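In what follows, a single structure is set out as structure tokens and then discussed.
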Amino acid sequence: MMNANEDEIAPAVRSILAAAREREGGSERLAVDARSLTDAFAAVEADGRVPIIAEVKPTSPTTEGTRDDDPVELAQAMVEGGAAALSVLTEPAHFGGSTENLRRIREAVDVPVLRKDFIVREDQLDVVESDVVLLIARFVDDLSELLDAAESRGFQVLVEVHDSDELAEALAAGASIIGINNRDLAKLEVDLATFENVATDVPDDVTLIAESGVSTVDDVRRMRAAGADALLVGTAIMDGEVVENVRRFTTATQESETET
Ligand SMILES: O=C(O)c1ccccc1NCC(=O)[C@H](O)[C@H](O)COP(=O)(O)O
């Protein structure tokens with residue numbers, strides 16, 4: 001079920017995967033009418049801002065405490081701050097997420113919504129509609145098959161990779177939206193140089209997203225300089241005033257923005 005030796009994976013991530021394998025799928029095949037992620041990025045770019053996917057992330061194995069605010073209010077604040085799209089954790093046991101949160105949020109906003117979860121089987125695509133689903137190359141048995149299964153339901157697919165081998169696998173599977181995760185899921189360590197190193201091998205026609213570990217305006221500029229079409233940011237947006245946090249990141253490359 002996984003490309004890597006399971007012993008190499010951090011215990012928290014092993015637990016996440018074990019729970020993912022147990023989680024039930026849907027009983028009816030979904031057909032999704034998705035909002036375009038690339039159009040949403042283009043609209044934000046045309047406005048001179050940085051496309052940010054803001055993540056509704058109530059908690060995580062590397063975060064202290066839980067943010068209990070209404071997820072819909074958080075999502076609306078993210079859109080008010082200028083987020084191009086939203087990412088919504090639906091993993092319940094380790095991230096405090098739910099498919100119900102995603103359903104309510106997608107109804108309440110008009111930007112594309114990514115379902116952030118650890119999907120390992122085709123039937124797990126059928127539990128809730130979203131505009132984009134995440135597939136993590138490291139954790140999926142047959143990436144090409146699951147990617148096709150998702151696209152045939154109308155989902156756009158963000159394929160997450162962490163190194164050049166996974167990138168090659170994602171490209172061979174036909175991924176057109178790729179996220180390079182700065183968080184090493186084996187050790188749970190974050191290093192922004194990961195994006196810089198792996199991004200050099202990504203073809204221009206791929207929509208490229210920098211994921212995890214972005215906490216300052218300088219980090220946003222660094223990821224953009226390394227070729228990120230968009231950035232996925234969770235913790236640094238959830239920590240404090242959500243509208244202000246998103247606005248700071250979306251305006252990071254504007255001349256008047258000096259704060260780091
Ligand atoms: O965020 C974690 O602690 C985590 C732990 C184990 C597996 C995955 C994890 N995060 C998933 C994510 O992809 C992030 O939520 C997302 O990229 C945002 O990252 P950040 O901006 O660093 O919160």
Side-chain angles (χ1 to χ4, degrees), residues 2 4 6 8-21 23 50-67 71 74-75 78 81 83-98 101-102 113-120 130 132-140 157-163 166 170 177-195 198 208-220 222-223 228 230-240 242 245-246 248-250 252:
M2 184 163 51
E6 209 145 328
E8 293 170 9
I9 306 286
V13 180
R14 253 184 278 151
S15 167
I16 291 167
L17 275 173
R21 289 175 188 140
R23 251 193 322 280
V50 179
I52 297 288
I53 305 175
E55 185 159 278
V56 179
K57 181 179 183 182
T59 188
S60 86
T62 58
T63 314
E64 274 180 29
T66 299
R67 187 146 182 178
L74 284 171
M78 289 168 177
L86 300 178
S87 166
V88 179
L89 259 309
T90 55
E91 205 278 354
H94 304 79
F95 293 87
S98 74
N101 284 356
L102 190 151
V113 180
L114 162 70
R115 176 181 171 203
K116 199 77 188 302
D117 209 327
F118 296 78
I119 293 172
V120 293
S130 64
V132 192
V133 288
L134 176 77
L135 296 180
I136 303 175
R138 179 166 201 160
F139 298 148
V140 169
V157 181
L158 167 58
V159 177
E160 178 179 302
V161 304
H162 181 68
D163 60 28
E166 290 174 9
I177 307 173
I178 291 180
I180 300 174
N181 195 350
N182 289 310
R183 181 174 286 109
D184 178 353
L185 295 183
K187 298 181 185 147
L188 293 186
E189 288 166 0
V190 171
D191 182 358
L192 297 192
T194 305
F195 182 87
V198 180
L208 181 58
I209 299 171
E211 296 179 31
S212 302
V214 169
S215 57
T216 67
V217 162
D218 279 349
D219 292 341
V220 175
R222 185 174 161 187
M223 295 294 95
L231 288 81
L232 193 158
V233 185
T235 310
I237 286 174
M238 292 294 287
D239 186 11
V242 167
N245 289 342
V246 177
R248 196 169 61 252
F249 292 143
T250 59

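Small disclaimer: the values here were computed from a predicted structure and weren't measured. Counting convention: from 1, in listed order, for ligands and their atoms alike.
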Practice prompt. List the steps and the verdict of side-chain hydrogen bond (donor to acceptor under 3.5 Å, both in side chains) for Ser215 and Asp219.
Written response: CA-CA 6 Å; Ser215 57; Asp219 292 341; 3.3 Å; yes
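- At a 4.0 Å cut-off, not a single heavy atom of Val214 sits close enough to ligand 1 to count as contact.
- Each of the atoms 16 (C), 17 (O), 18 (C) of ligand 1 lies under 4.0 Å from some heavy atom of Leu232.
- The closest approach between a heavy atom of Ala12 and any atom of ligand 1 is not below 4.0 Å.
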Worksheet item: Under the side-chain contact (heavy atoms from CB on, under 4.5 Å) criterion, do Leu86 and Leu114 qualify, and how do the steps go?
Response: CA-CA 6 Å; Leu86 300 178; Leu114 162 70; over 6 Å; no
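- Residue Pro61 places a heavy atom less than 4.0 Å from ligand 1.
- Short contacts between ligand 1 and Leu188, defined as distances under 4.0 Å to a heavy atom of the residue, involve ligand atoms 5 (C), 6 (C).
- Of the protein's heavy atoms, Gly234 N, 2.8 Å lies nearest to atom 21 (O) of ligand 1.
- Under 4.0 angstrom from ligand 1, there are no non-hydrogen atoms of Val190.
- Counting heavy atoms under 4.0 Å from ligand 1, residue Leu185 touches it through the side chain alone.
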Worksheet item: Does the pair Asn182 and Ser212 meet the rule for a side-chain hydrogen bond (donor to acceptor under 3.5 Å, both in side chains), with working shown?
Response: CA-CA 5 Å; Asn182 289 310; Ser212 302; over 6 Å; no
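- Ranking the protein heavy atoms by distance from atom 1 (O) of ligand 1 puts Lys57 NZ, 2.7 Å first.
- The side-chain heavy atoms of Leu135 and Glu160, taken from C-beta on, include no pair separated by under 4.5 Å.
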Discussion item. Test side-chain hydrogen bond (donor to acceptor under 3.5 Å, both in side chains) on His94 and Ser60; report intermediate values, then the result.
Written reply: CA-CA 6 Å; His94 304 79; Ser60 86; over 6 Å; no
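- Scanning the protein for heavy atoms near atom 3 (O) of ligand 1, the closest one is Thr62 OG1, 2.4 Å.
- Distances from atom 22 (O) of ligand 1 to the heavy atoms of Arg183, His94, Lys116 put Arg183 nearest.
- Interface of Val233 with ligand 1, defined as ligand atoms under 4.0 Å from a residue heavy atom, comprises 21 (O).
- For the pair Thr216/Arg222, no side-chain contact is recorded, criterion being any heavy-atom separation below 4.5 Å from C-beta on.
- Among all protein heavy atoms, the one lying closest to atom 17 (O) of ligand 1 is Ser212 OG, 2.6 Å.
- By the 4.5 Å heavy-atom criterion applied to side chains, Leu158 and Ile178 are not counted as neighbours.
- Residues Asp117 and Arg23 are paired through a salt bridge, judged by an N-O separation under 4.0 Å between the basic side chain and the carboxylate.
- Using a cutoff of 4.0 Å between basic side-chain nitrogens and carboxylate oxygens, Arg183 and Glu211 are not scored as salt-bridged.
- Summary of contacts: the protein heavy atom closest to atom 15 (O) of ligand 1 is Glu55 OE2, 2.5 Å.
- Atom CG in Leu89 sits 9.5 Å away from atom CG in Asn101 (nearest 0.5 Å).
- Distances below 4.0 Å separate heavy atoms of Ser60 from the following atoms of ligand 1: 1 (O), 2 (C), 3 (O).
- Every atom of ligand 1 is numbered from 1 in the order shown, and the set under 4.0 Å from a heavy atom of Gly213 is 20 (P), 21 (O), 22 (O).
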